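From a predicted model like this one, the values you see are computed outputs, not experimental measurements. Here, residue 1 is the first one in the sequence, and each next residue gets the next number.
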Amino acid sequence: MKNNKIALLPGLSLFLCFCLLTGSGKLTAYLGGGAPLIALAELVSFAVPFAMAVFSMREQKTLRRRLKYRRLPKGALGLTVKVGITVALLSLFLNLLIYQVAGMAGADLSATALDAPQTGLGFAARLLVIVVLSAVVEELYLRGALLTVHEQSVGTSACLLFSGLAFAMLHGSLLNFAGPLLAGIAYAYLTYIFKSVWPAVLAHAVNNLYYMFVLWITDTYAAFGIWIYFAAINGLVLLLFLYLSLRSLENLLAKDLVPHFEKSAGLYDLWLLIRNPGVAAFVLAFAAKLILDWLG
């Protein structure tokens with residue numbers, strides 16, 4: 001009975017994380033925001049689910065190894081930064097495409113198409129809260145604890161896909177789903193091949209830093225009609241960094257510096273994760289939020 005209860009905790013931690021993020025977001029907005037309040041909400045929303053996921057582990061050696069600083073293979077830092085930039089650019093264009101398909105009037109490469117909260121924080125506060133804190137706490141939970149728990153029961157590909165799905169649903173919107181899905185899979189893959197969560201943290205921070213840069217461009221130069229040029233430039237940069245990322249990964253795989261995928265039962269492994277009652281509650285909460293947002 002005790003083992004059955006512990007098996008529920010990873011899924012329930014996702015449900016709790018979603019509830020905490022949704023509730024703290026509304027409470028923070030009601031109280032007027034501010035860096036300390038936003039940072040506290042972010043920390044609590046992921047620290048409590050992290051503790052639940054850790055408690056559910058059969059053994060914690062893998063997690064301790066992933067959280068500990070370790071020397072990465074040559075080329076790992078370069079690949080991590082390139083992946084962070086590539087994911088940021090792909091997410092931007094995916095969000096823009098979804099906005100256009102959804103018929104959102106005036107959708108462009110602006111804050112409306114980006115995954116970045118409009119908190120009204122100053123530069124230093126945004127750098128600390130949005131770039132650093134969010135990357136650390138989100139990756140410690142999702143790619144540190146939760147990915148490690150799931151790897152104890154299913155194969156690599158299912159873990160990566162589920163990590164992306166969970167990350168996307170935690171964002172709470174279909175309009176901002178594809179970008180986080182891609183990012184979550186990429187960060188989980190970095191964690192897997194380097195056996196450390198810190199490359200995922202760095203890639204996540206690079207991604208968030210890029211969004212800060214685009215928001216700065218939006219606020220400063222949008223009135224000058226730069227978007228047609230900005231889109232073209234970002235498209236070229238995307239192709240460049242996608243190529244560089246794939247080349248770097250190819251070199252690491254060729255030198256056996258990173259592992260290949262472990263065998264997986266594919267969709268059946270994914271079903272084993274989704275059928276967890278806690279995950280089902282998480283999915284239902286996500287669907288309920290979508291419906292309520294649509295009705296509102």
Side-chain angles (χ1 to χ4, degrees), residues 18 21-22 25 29 38 42 81-121 126-127 129-131 134-135 138-139 142-143 160-190 200 203-222 225-242 245 283 286-287 289-294 296:
F18 183 83
L21 282 172
T22 303
I38 294 171
E42 181 79 2
V81 174
K82 293 168 190 171
V83 168
I85 296 174
T86 302
V87 166
L89 290 163
L90 275 174
S91 298
L92 187 151
F93 281 109
L94 284 172
N95 284 351
L96 175 61
L97 177 62
I98 291 173
Y99 267 76
Q100 291 178 334
V101 170
M104 302 292 289
D108 55 19
L109 291 180
S110 65
T112 59
L114 298 175
D115 172 28
Q118 298 299 302
T119 60
L121 301 177
R126 285 193 178 196
L127 190 64
V129 176
I130 298 176
V131 175
S134 64
E138 291 174 19
E139 293 308 315
L142 289 165
R143 259 64 68 173
L160 266 58
L161 181 55
F162 185 83
S163 185
L165 288 170
F167 191 49
M169 285 191 288
L170 285 175
H171 282 73
S173 170
L174 287 180
L175 292 175
N176 184 28
F177 191 91
L181 172 64
L182 170 69
I185 294 173
Y187 302 153
Y189 181 67
L190 288 175
H204 195 153
V206 169
N207 175 82
N208 293 352
L209 186 61
Y210 174 79
Y211 284 141
M212 279 190 60
F213 166 73
V214 173
L215 289 174
W216 172 74
I217 290 287
T218 302
D219 294 338
T220 308
Y221 298 107
I226 67 168
W227 290 119
I228 185 172
Y229 306 107
F230 192 71
I233 292 172
N234 274 268
L236 292 175
V237 174
L238 169 60
L239 293 176
L240 173 63
F241 274 90
L242 180 60
S245 298
V283 173
F286 172 70
K289 184 179 185 301
L290 294 181
I291 294 172
L292 291 174
D293 289 344
W294 179 67

How about [X] and [Y]: do any of their side-chain heavy atoms sit closer than 4.5 Å?
X: Val83; Y: Tyr189; value: no
X: Ile98; Y: Phe177; value: no
X: Tyr210; Y: Val131; value: no
X: Leu175; Y: Asn95; value: no
X: Lys289; Y: Phe18; value: yes
X: Leu174; Y: Phe286; value: yes
X: Leu142; Y: Leu170; value: yes
X: Leu209; Y: Leu127; value: yes

If you look at every heavy atom in [X] and [Y], which pair is closest and at what distance?
X: Ala203; Y: Leu190; value: CB-CD1, 3.6 Å
X: Ser245; Y: Thr86; value: OG-OG1, 3.1 Å
X: Ser163; Y: Gly184; value: OG-O, 3.9 Å
X: Ile38; Y: Val129; value: CG2-CG1, 3.7 Å
X: Ala205; Y: Ala135; value: N-CB, 3.8 Å
X: Leu160; Y: Ala188; value: CG-CB, 4.1 Å

Look up atom [atom1] in [X] and atom [atom2] in [Y], then write down how far apart they are to the nearest 0.5 Å.
X: Tyr187; Y: Leu182; atom1: OH; atom2: CG; answer: 8.5 Å
X: Leu89; Y: Leu239; atom1: CG; atom2: CG; answer: 9.5 Å
X: Leu181; Y: Asn176; atom1: CG; atom2: CG; answer: 11.0 Å
X: Asn207; Y: Ile85; atom1: CG; atom2: CD1; answer: 10.0 Å

Tell me, please, whether Phe167 has Arg143 positioned over its six-membered ring: NZ or CZ under 6.0 Å from the ring centre and within 45 degrees of its axis? yes

For the residue pair Asn208 / Ser134, report whether a side-chain donor-acceptor contact shorter than 3.5 Å exists. yes

